Amino acid sequence: MTAMDMTDLIILGSIGVLTLGLFYWRSAKDPARPSAPGSAIGHKGSAPATPSRPGTPVLRKAPTKKSLVEKAKSLNASNRLFVFYGSQTGTAEDLATRIAKEASASLGVAALICDPEDYDMKELANWPLTDGKDLFGFFLATYGEGEPTDNAVEFYSWLMDGKGLGEDAGDEDDDMTFERPVEGLSYFIFALGNKTYEHYNAIGRRAFKRLEKLGALPVLPIGEGDDDGSLEEDFLAWKPKVMAAVSTFFGLDGVKTVSQRDRPHVPVYDVVDGKPKSQAAVFRGEHTIDTPRRWEAALTEAATEGFEMLEADQQYKEVTKIVTYDAKHPFYGRVVASRPLFTKTADTFDFTGSGAEMPSGGDPPKWSVSGTSKIVVQRDCYHMELDLSGSRLKYTTGDHVGVWPENSPAEVGRLARLLKIDTLDRVIDMVPNPKNPLPNTKKPFPMPCTLRAALTNYLDITDVLKQFHFDILAKYATAPADRERLLAISEDRALYVSLIEKGRKNLADVVAEFPSIQVPLGVVLGEILTRTAVRYYSISSSSKEEPTRVSLTAVVVRYAVASPAAGLALPGGSARKAKVVLKEGLATSWLQRQHDARTGTGAALATETSVPPLHLPLYIRSSTFRLPANHQTPIVMVGPGTGVAPFRGFVHERVLAAKQGSTVGPTWLFYGCRNSESDFLYRDEFEAFESQAANGLPIDLHIVTAFSRQGAQKVYVQHRITEYARDVWRLLHTLRGSFYICGDAKHMAHDVVNALEAMAVSVGGLSNDGAKQWIKDMRASGRYLEDVWS
């Protein structure tokens, strides 16, 4: 080896050492955001963070994976059913639990409900054990653009060998298909999705095919549920088939003939008094899977280092600071700005001829009674900015921010009164009922906690009851007439839909109509009410312009509905009448309360947590909805209503690039709303940018508007795309620009696609099939992106 060769090696080795050292230093100084967000938070029983002095950053310990093999052996049963769920909002988990309970109660099979995030799912490889017969069920929801739910990401990535996301079907051969690691493993899958989305049930379908390709044996064809129709009806139609398949697999005689009416309900949990070591060990509504979180106020000017400004005379900080904030342990970001975006706009609900009893009074300006049969409901939309300072959280324009809402004190108080809860300050814990047939039941939320925290922060008390809930409630109704009516609702789908689903009845509504219901608290908290799900909003700010703030745009869900009487008659025999009731969205009404408290236009926020006022639990979810890396690439954006949210960030970012001297390509936004004077979101900003572009700012910016209730004809964004068809074709086809759409998936997105196909035929000269293929090719090349919801 020459001297030059040795010198080269020394230089290269030195560079390598320095590079590794620099990488380690940067990682410790500013750790990157996790590549895949975690699951919706829940009490996982993981080890608490290392104790530290106030303000000391600590890394949260990763929870240890449980062993499926050891769990199987611990059951001491020859027939074992493992039921896994990939769930984002709790629906898949709910269905998995129902099947596991049914298999246990009706077939005598030892059933386990498993969160795949908690277990070492790689143990499925080479599974077949000699000490029992095992069947594996998977309830898998498809989320976003053909992606697994957060808690199934790791399992799905292993199963698919990193493939099978978005447009990628993941069906090509690889090392695993030759090794066939799950040879002989028996399974079934129920897929959950929404047909309005491009990748309907993609995760369940791909997992089903992949397992079969790897050697596993399905015991029946895949089941599918469509949330755009009636996922519950789809499940109920599939349920007898899977129960028969389970019975056949284990060689059993079939489902026991005891009717559902005669089968007593066995609670999963019992509620007991919590016995914390100290008050500091009580959860009071803060979200975490670790120990309770606490914030403290700076009492003197000398003790303000590391504290965060809230008001001119007060500062706060979290006592134990965590470096990694995620879906399991969200950061609490301060609301630093908020403002209304609508101006004097309302919806009128007319109940003439319905025979429904109208409410008295109202809650002006939110809603009021007009005449004898109309309700006027104010429309509200808010822009809100949350501070990320000190969190080390980063986002990219187009990402989503997830927040956990709270139930209103009024709704919590109402439910507590109806359930005859004496005090909401009681500290509780939940333990598995000894008679519960499901051995691995985990606590549904952080405990010990107060009842107030459970009903305010951890459980969604506004959710419409599901049909199977009525069978449970019937078992606890002391009046025979109430019991029979509740059972009838549980057995008759049409009756349930007409009385409960269309009437939007929650638990409080039902208990108010059936006062003889004496349901145990453990059943309420563990089986009837569902865990409050994280709500995602498209970030409406630019990370380049505001790296330490995220903005969201939310229209308040508020409407009136004629809610039919579910009970048969009032005491004395008089018929019950339908009532007109006002309903609000859980998350958006909570955001409005934050704004009202911040601006002094509403009541101060009451909370028992030590979280300072106006600090909201949040985390950042990465998205593929991205601006082109090259500023010169043309973009066409379509975002009516709050669908404009991410495009506000896109436009801000491109305007900033132009101001900094970059060459920016054509930037077109098609925006639609009802009226230019009442609900034109961010009108002042967009008009200011257009003025700057017209006066020398080097950006080709076009804001094309469509107003559906201004003028003789309704004009929507798809009509404006047709009007500008030649420009849009030039931008997308000739200049190979990128197309973005955000908003309603069921109607708007479908109509926009039709407009694009018609444009490709009329302007581009393609055939109908060619137009469809053109859009498909844009999707495949990453130039057609959607951020839509149903």
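In what follows, residues are counted from 1 in the order of the sequence shown. What's counted below: heavy atoms across the whole structure, side chains too, no hydrogens, waters or symmetry copies. From a predicted model like this one, the values you see are computed outputs, not experimental measurements.
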Scan side-chain atoms only and decide if [X] and [Y] contain a donor-acceptor pair under the 3.5 Å cut-off.
| X | Y | answer |
| --- | --- | --- |
| D769 | S767 | no |
| S708 | R674 | no |
| S543 | T397 | yes |
| S541 | Y395 | yes |
| E653 | S542 | yes |
| H383 | Y682 | yes |
| S676 | Q710 | yes |
| Q592 | D596 | no |
| S538 | D787 | yes |
| Y619 | Y536 | yes |
| E757 | N768 | no |

Legend entry - Test ring pair (Phe, Tyr, Trp, His ring centres under 6.0 Å) applied to W668 and Y724, step by step: CA-CA 11 Å; W668 285 56; Y724 286 87; 5.7 Å; yes
Inset, instruction - With sequence neighbours excluded, tell me which residues meet side chain to side chain contact (heavy atoms under 4.5 Å, CB included) with K583. - result: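 Side chain to side chain contact (heavy atoms under 4.5 Å, CB included) check on K583 returns R504, N506, D509, Y559, V561, V581.
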Between [X] (side chain) and [Y] (backbone), is there a donor-acceptor pair under 3.5 Å?
| X | Y | result |
| --- | --- | --- |
| D174 | T177 | yes |
| T588 | V557 | yes |
| R783 | L732 | yes |
| N151 | Y85 | yes |
| S157 | E154 | no |

Just checking [X]: does its [atom1] atom have more than 12 heavy atoms from other residues, nucleotides or ligands closer to it than 6.0 angstrom?
| X | atom1 | value |
| --- | --- | --- |
| K772 | NZ | no |
| K366 | NZ | yes |
| Q713 | CD | no |
| K163 | NZ | yes |

Identify whether the distance between the nearest side-chain nitrogen and carboxylate oxygen of [X] and [Y] falls below 4.0 Å.
| X | Y | value |
| --- | --- | --- |
| R379 | D679 | yes |
| K659 | E545 | no |
| D399 | R621 | no |
| R779 | E198 | yes |
| D751 | K746 | no |
| D347 | R558 | no |

Inset, instruction - Evaluate the ring planes of Y325 and F331, with Trp represented by its six-membered ring, and classify them as parallel (under 30°), tilted (30 to 60°) or perpendicular (over 60°). - result: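 Ring orientation of Y325 relative to F331: perpendicular.
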Inset, instruction - Let me see the working for Y200 and Y197 under ring pair (Phe, Tyr, Trp, His ring centres under 6.0 Å), right down to the final yes or no. - result: CA-CA 6 Å; Y200 171 60; Y197 288 84; 9.5 Å; no
Legend entry - CA sep, side-chain torsions, deciding dist, call: D460, R535, salt bridge (Lys or Arg N to Asp or Glu O under 4.0 Å): CA-CA 12 Å; D460 185 349; R535 266 55 169 188; 3.7 Å; yes
Looking at [X] versus [Y], is the centre-to-centre ring distance below 6.0 Å?
| X | Y | answer |
| --- | --- | --- |
| W774 | W729 | yes |
| F190 | F208 | no |
| F686 | F689 | no |

Inset, instruction - Test the R720-F670 pair against the cation-pi criterion, namely NZ or CZ under 6.0 angstrom from the six-membered ring centroid and within 45° of the ring axis. - result: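 Because its charged atom misses either the 6.0 Å distance or the 45° angle limit, R720 does not stack over F670.
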Legend entry - Pairs flagged by side-chain hydrogen bond (donor to acceptor under 3.5 Å, both in side chains) wherever residues 734-745 is involved - sequence neighbours left out: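 Every pair satisfying side-chain hydrogen bond (donor to acceptor under 3.5 Å, both in side chains) with a residue in residues 734-745: there are none.
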